[in-house]
Amino acid sequence: MRWTQTYIPTLREAPAEAELISHKLLVRAGYIRKLASGIYLYLPLMQRVIQKFSQIVRDEMNAAGAVEVTMSALAPAEVWQKSGRYETAGREQMRLKDRHGRDYVLNGTHEEVITSLVSGELKSYKQLPLNMYQIQIKFRDEIRPRFGLMRGREFIMKDAYSFDADVESHRVSYQKMVDAYFKIFERAGLDSRMVESDTGAMGGESAHEFMVIVDTSAGEEYLLFCDKCDYAANREKATFRDENPPIIDSEEKELEKVPTPGAATIEEVTAFLKVDANRLVKTLIYKAIDDKDNATPIVALVRGDRELNEVKLNNLVKAVELEMADEDFVCEVTGAPVGFAGPVGLKNKEITIYADHEVMALKNVIVGANEADTHYLNANIGRDFEVTETGDLTTASEGDACPNCDGRLVCKKGIEVGNTFMLGTKYSDSMDAKFLNSNGKAMPFVMGSYGIGITRTPQAAVERYHDDGGIIWPKDIAPYSVEVVPLNYKQDNIREAADSIYAKLSEAGVDVLLDDRPERAGVKLNDADLIGCPVRIAIGAKSLDEGKVELKARNSSEVHLVAVEGIVAEIEKTLKTLK
RNA sequence: CGGGGUGUGGCGCAGCUUGGUAGCGCACCUGCUUUGGGAGCAGGGGGUCGGAGGUUCGAAUCCUCUCACCCCGACCA
């Protein structure tokens, strides 16, 4: 491609709105433009990157036995109502009405649509397993779009759905996708890590995320890895071994109310009472919001030395939304200012109290007394207060003990580029999608769903691979493998050499961009660094007089003088050495 | 939705406090010179100052409302 025939609007300065380096670079280098908040246009260079990455995804999906389809972006509300997610998807679903006033959804994912497709048509276990995928635009009415392509309201995703006759067969299908995912990200030049994740709004049995580890603010999620074994989970999901159990008293002591003036936080209370934080129980008040926007107060109890994990809490509460109570609400529920809430003698006896497992093991704990500047000593479950439900409610963090071995958890940040869900029969049950098994019995499909962010993965690559000058693309997702830069295109011999090299490379099937603009050398070289093609061929007067041009890899500062005749072979050789 | 902030030519910004009829850098167009890491000189085009209302002789500037965008939080691939 000749630069003057395509559209590569590079900018010297990044728009003020861009926060991440990857976002700034994609805008500056002329890959994307914003149309509205969270809505981006993919310019010619980005389009090529998307196509290259998509092709890698297709290759590996096909190799794993999946078949490509395209499903509509638009769906009638009924299919979502049928699964029950029309209610739970809530405000992040893009919705609209047609001219007849009928309700529609712009799909953010396609479990409902594909389940309704196969329902009644996939009839026999003999047709299973089946895995269908598509690469398509998805919509999501994000609360707050940001970070360019990372969190948009419209984005491209590869989504695959597997249908199996039973759980054992599904595990095989799931593993095929996992294997394919590692290959896909490797081919895109990215190291990916698979971590356990919460199933979230998707539901189902278990889930994993594929993450690119970064150390910048682009890391949207905290991940915990064991430094000894292969345990890996995101922070929502991660568990840990309790290494800090308090000494448990053998006898229940008498409940005692003590003044704790000004001691509202765990630190203040432990300092004031001179006790360890693990003898305290944190009482956290939340608003559980249902699908009709009603807020019910709930209480969560975790040991004083732990952090509450809201995702785990809501897995028990099952609210549409969980919201930390504000001061007024805390006051209303407990009758005390923030910092003195406790489970003993809560004003509203109907209130649901969720406690972490660790709390259940404690005796004679210190809790707020629901009265300003006052705490209880020696509170005991069963005697002084009741717990409605128990579960794991704590957040793992760096340095905690691995749940599976004697290693330590290390915390890293990552960008999610893919995910896999074991859905079980959630959708086939709710949407009544069944097949006949070998005994002639109607059974719900065991399903899986598998996503890859087609537009966010390249941005993750930019976040991972760049320098002060611009992007450094992994070669197999670069828009062009080679950029030919004639330093003065007006000079006859330089132009002829550039045109000839461009023609030869094109003929050899190498993706090549020729910067045929009548720009100064500095401008072209800076733009070449900015857009980040893996190999640059610079053609200048001095070396050309000796029949040579300069070959430079974007990821290295070494410049090689290469004879014009051997240039194609030399470039192909260089490309082979690049990631 | 809560908190904070910003809207002035394509991009980045100044001007606003103290009202007087819009400016700078980059980009763009023309000419000459220059030509290996974002050239120089000269000339030129382009902005209802986000929108609506109001105050005033006069509003980018003050007031009210509104819209958009960005940052932090909740949500999330």
Side-chain angles (χ1 to χ4, degrees), chain A residues 9-20 23-24 27-28 30 33-39 88-93 108-109 138-159 197-198 200-202 207 209-211 217 220-221 234 236 286-287 289 293 310-311 314 319-326 414-421 449-457 459-460 468-470 485-491 494 517-530 536 538-544 549-550 552 557 559:
Chain A
T10 58
L11 299 172
R12 195 176 289 202
E13 288 174 284
E17 70 204 26
E19 186 81 354
L20 296 184
H23 183 191
K24 285 181 187 164
V27 174
R28 276 191 60 208
R33 285 293 182 267
K34 188 177 74 175
L35 180 64
S37 179
I39 305 176
T88 55
R91 290 183 272 276
E92 83 188 28
Q93 189 166 51
T109 179
K138 298 283 190 259
F139 299 88
R140 221 175 192 123
D141 197 354
E142 275 295 331
I143 288 175
R144 177 145 91 96
R146 59 183 138 171
F147 299 153
L149 305 181
M150 302 268 278
R151 186 175 264 59
R153 292 191 292 173
E154 185 185 301
F155 54 96
I156 302 176
M157 190 161 116
K158 184 284 301 177
D159 47 325
S197 63
D198 189 74
M202 199 65 81
E209 288 172 348
F210 286 75
M211 310 292 301
S217 58
E220 51 185 355
E221 217 172 284
N234 68 18
E236 295 177 355
Y286 273 81
K287 286 181 182 178
I289 296 166
D293 253 9
E310 289 185 18
V311 173
N314 201 29
V320 170
E321 246 180 284
L322 209 55
E323 197 179 298
M324 173 89 89
D326 53 37
I415 298 171
E416 182 177 354
V417 289
N419 55 29
T420 54
F421 293 90
S449 121
Y450 316 89
I452 288 180
I454 298 292
T455 37
R456 70 163 24 208
T457 301
Q459 188 174 343
D468 292 343
V485 186
L487 295 170
N488 181 355
Y489 199 63
K490 285 180 207 156
Q491 194 175 312
I494 291 181
R517 293 177 299 170
E519 288 288 349
R520 298 170 62 83
V523 172
K524 293 190 179 192
L525 293 171
N526 279 314
D527 274 348
D529 287 348
L530 187 58
R536 184 188 82 190
I539 306 172
K542 283 172 219 149
S543 44
L544 191 60
V549 296
E550 291 167 20
K552 179 184 164 301
S557 54
V559 173

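In this text the structure is predicted, and so the values were computed from the model without any measurement. To find a chain, count down the sequence lines: A is the first, B the second, and so on, and within it residues start at 1.
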Exercise for review: Report which part of the nucleic acid G38(A) touches: base, sugar-phosphate, or nothing (heavy-atom distance under 4.0 Å, all strands).
Suggested key: nothing
Revision key, fill the gap. Atom CG of D141(A) and atom P of C1(B) are separated, to the nearest Å, by 11 Å
Check your understanding: When the distance from NE2 of H23(A) to C1' of C71(B) is rounded to whole Å, what number comes out?
Key -> 13 Å
Study note, to complete from the structure: Partner of U18(B) under the Watson-Crick or G-U wobble criteria, both distances under 3.5 Å, comes out as none
Exercise for review: I would like to know whether E416(A) and F210(A) meet side-chain contact (heavy atoms from CB on, under 4.5 Å); could you show each step before the answer?
Suggested key: CA-CA 6 Å; E416(A) 182 177 354; F210(A) 286 75; over 6 Å; no
Review point. Say you pick atom P in G2(B) and the same atom in G46(B); how far apart are they, in whole Å?
Key: 43 Å
Exercise for review: Can you sort out the partners of F155(A) under ring-ring contact (aromatic ring centres under 6.0 Å, His included), two or more places apart, ordered by chain and number?
Suggested key: none
Practice item. Determine the interatomic distance between P on G47(B) and the same-named atom on G4(B); round to the nearest Å. Key: 37 Å
Check your understanding: Rounding to the closest angstrom, what is the interatomic distance between C49(B) and U6(B) at atom C1'?
Key -> 14 Å
Exercise for review: Taking atom C1' in both C65(B) and U55(B), compute the distance separating them and give it to the nearest angstrom.
Suggested key: 15 Å
Check your understanding: Paired with U35(B): which nucleotide, if any, by Watson-Crick or G-U wobble criteria at under 3.5 Å for both distances?
Key -> none
Review point. Taking the C1' atom of each, how far is A59(B) from C16(B), in whole Å?
Key: 10 Å
Review point. Can you give one letter per nucleotide of nucleotides 28-36 of chain B, going 5' to 3': B for a protein heavy atom under 4.0 Å from the base, S for sugar-phosphate only, - for none?
Key: ------B-B
Review point. Under 4.0 angstrom, heavy atoms only, what part of the nucleic acid is K138(A) near: base, sugar-phosphate, or nothing?
Key: nothing
Study note, to complete from the structure: Rounded to whole Å, CG of L35(A) lies from P of C70(B) at a distance of 12 Å
Practice item. Output the single nucleotide from C69(B), C75(B), G38(B) whose closest atom is nearest the side chain of A36(A). Key: C69(B)
Review point. Is there a side-chain contact between R456(A) and E220(A) (heavy atoms, below 4.5 Å)?
Key: yes
Point to revise | Spacing between I156(A) atom CD1 and A77(B) atom P, to the nearest angstrom | key: 18 Å
Study note, to complete from the structure: Contact string for nucleotides 6-15 of chain B, one letter per nucleotide 5' to 3', B = base within protein heavy-atom range under 4.0 Å, S = sugar-phosphate only, - = neither, reads -----SSS--
Point to revise | Integer angstrom distance from the C1' of G45(B) to that of U30(B) | key: 11 Å
Revision key, fill the gap. Result for 5'-nearest mapping on RNA chain B, choosing between N526(A) and G453(A), is N526(A)
Practice item. Quick one: list whatever passes salt bridge (charged side-chain N to carboxylate O under 4.0 Å, His left out) with K24(A), sequence neighbours left out. Key: none
**Study point:** G-U wobble or Watson-Crick pairing nucleotide for A60(B) (cut-off 3.5 Å, both distances)
**Key:** none
**Study point:** Distance in angstrom units between K524(A) NZ and G37(B) C1', rounded
**Key:** 13 Å
Review point. Is there a Watson-Crick or G-U wobble partner for G25(B) with both distances under 3.5 Å, and if so, which one is it?
Key: C11(B)
Review point. Mind checking the C1' distance from C69(B) to G50(B)? Whole angstroms is fine.
Key: 10 Å
**Study point:** Length of the CZ-C1' vector between R146(A) and A74(B), whole Å
**Key:** 10 Å
**Study point:** Same-atom distance (P) from A27(B) to A22(B), integer angstrom
**Key:** 26 Å
Point to revise | Whole-Å distance separating the CD atom of E142(A) from the P atom of G73(B) | key: 14 Å
Distances under 3.5 Å only, N/O to N/O: pair up the protein atoms with those of nucleotides 44-47 of chain B.
none

Review point. How would you list, by chain and number, every residue that makes a side-chain hydrogen bond (donor to acceptor under 3.5 Å, both in side chains) with R517(A), sequence neighbours excluded?
Key: D515(A), D527(A)
Check your understanding: Picking from C75(B), G37(B), A77(B), which would you name as closest to the side chain of D529(A)?
Key -> G37(B)
Check your understanding: Going by heavy atoms in the side chains, are D159(A) and K138(A) under 4.5 Å from each other?
Key -> yes
**Study point:** Interatomic distance where CZ belongs to R153(A) and C1' belongs to C69(B) [whole Å]
**Key:** 11 Å
Check your understanding: Is there a Watson-Crick or G-U wobble partner for G2(B) with both distances under 3.5 Å, and if so, which one is it?
Key -> C72(B)
Practice item. Name the residue closer to the 5' end of RNA chain B, choosing between R144(A) and E209(A) according to the nucleotide with the nearest heavy atom. Key: R144(A)
Practice item. Give R33(A) one of three labels, base, sugar-phosphate or nothing, depending on what nucleic acid heavy atoms sit under 4.0 Å from its own. Key: nothing
Point to revise | Pairing partner (Watson-Crick or G-U wobble, both distances under 3.5 angstrom) of A77(B) | key: none
